[in-house]
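Structure, as structure tokens:
Only this structure's heavy atoms are used, side chains among them; waters, hydrogens and symmetry mates stay out.
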Amino acid sequence: MPFLVRFASSTQDRDAAYALRRDVFELEQHIPRPLDRDAFDFSADHVVAFDRGGRCVGTGRVVRTDHRTCHIGRMAVAREARRSGVGAAMLESLERMARLRGIREVVVASQLGSEPFFHARGYRRDGDVFEDQGVPHVHMRKLLLVS
């Protein structure tokens, strides 16, 4: 599946990202909407992935938590685009953004089913499984190499 990942630079990009998050988190996973959107959406760097037809098929964000750490989250990929490389390309773009901002460590709160995805990309489990809105999660960390 051909796709393009880019920085969400317009209101239309963010609206497309929020709509995809709604589809994945609220409708598919039954996570209440108020818990999907938060104040960090306004200060985060977002990426979006669009397919050849201009449809948003992926999104994610990076939020700086202190001078050397950030949190990557709200990653969502449309059901029909999963396992096509969209998630990996978005994660790479988010990590690149973090490096450009001087970030040295990335933290994710991975859904348990996505742990192998993050592990394959250098993330390591940090702590025990916990539930967030009834969905098992695990914290994972990765040190970023300085380029």
Could you measure the distance from the [atom1] atom of [X] to the [atom2] atom of [Y]? Nearest 0.5 Å is fine.
X	Y	atom1	atom2	result
Arg104	Cys70	CZ	SG	11.0 Å
His119	Arg124	NE2	CZ	3.5 Å
Ser110	Ile72	OG	CD1	12.0 Å
Cys56	Arg21	SG	CZ	10.5 Å
Leu94	His71	CG	NE2	11.5 Å

What I'd like to find out is whether the side chain of [X] reaches to under 4.5 Å of the side chain of [Y], using heavy atoms alone.
X	Y	answer
Glu95	Met90	no
Leu112	Phe130	no
Arg74	His46	no
Thr59	Tyr18	no
Val47	Met97	yes
Leu144	Val106	yes
Val5	Phe50	no

Share the residues that join Val63 in a hydrophobic cluster, the rule being Ile, Leu, Val, Met, Phe, Trp or Tyr side chains under 4.5 Å apart at the heavy-atom level.
Phe40
In the hydrophobic clustering (ILVMFWY, side-chain contacts below 4.5 Å, transitive), which residues join Leu27, or is it alone?
none
Carboxylate-amine/guanidinium proximity below 4.0 Å for [X] and [Y]:
X	Y	value
Arg64	Asp45	no
Glu28	Arg22	no
Arg121	Glu92	no

Sidechain-backbone polar pair: Thr69 side chain, Asp66 backbone, donor-acceptor under 3.5 Å
no
Is the backbone of Val77 close enough, under 3.5 Å, to the side chain of Arg82 for a donor and an acceptor to pair up by distance?
yes
Do [X] and [Y] belong to the same hydrophobic cluster, where Ile, Leu, Val, Met, Phe, Trp and Tyr are linked whenever their side-chain heavy atoms lie under 4.5 Å apart, directly or via other members?
X	Y	result
Leu4	Leu20	no
Phe7	Met75	yes
Ile103	Leu91	yes
Phe118	Leu143	no

All salt bridge (Lys or Arg N to Asp or Glu O under 4.0 Å) counterparts of [X], not counting sequence neighbours:
X	answer
Arg6	Asp13
Arg52	none
Glu131	none

Check Ala81 against Val86 and note the closest heavy-atom contact, atom names and distance.
O-CG2, 4.1 Å
Heavy-atom pair of closest approach, residues Ser84 and Phe3:
O-CE2, 3.6 Å
Are Gln29 and Gln133 close enough, and set up right, to give a side chain to side chain donor-acceptor pair (under 3.5 Å), and what steps lead you there?
CA-CA 10 Å; Gln29 297 180 356; Gln133 295 304 305; over 6 Å; no
Let me have the donor-acceptor pairs involving side chains of residues 134-141, under 3.5 Å, with sequence neighbours excluded, atom names and distances please.
| unit_1 | atom_1 | unit_2 | atom_2 | d |
| --- | --- | --- | --- | --- |
| His137 | ND1 | Val135 | O | 2.7 |
| Arg141 | NE | Asp126 | OD2 | 2.6 |
| Arg141 | NH1 | Glu105 | OE2 | 3.4 |

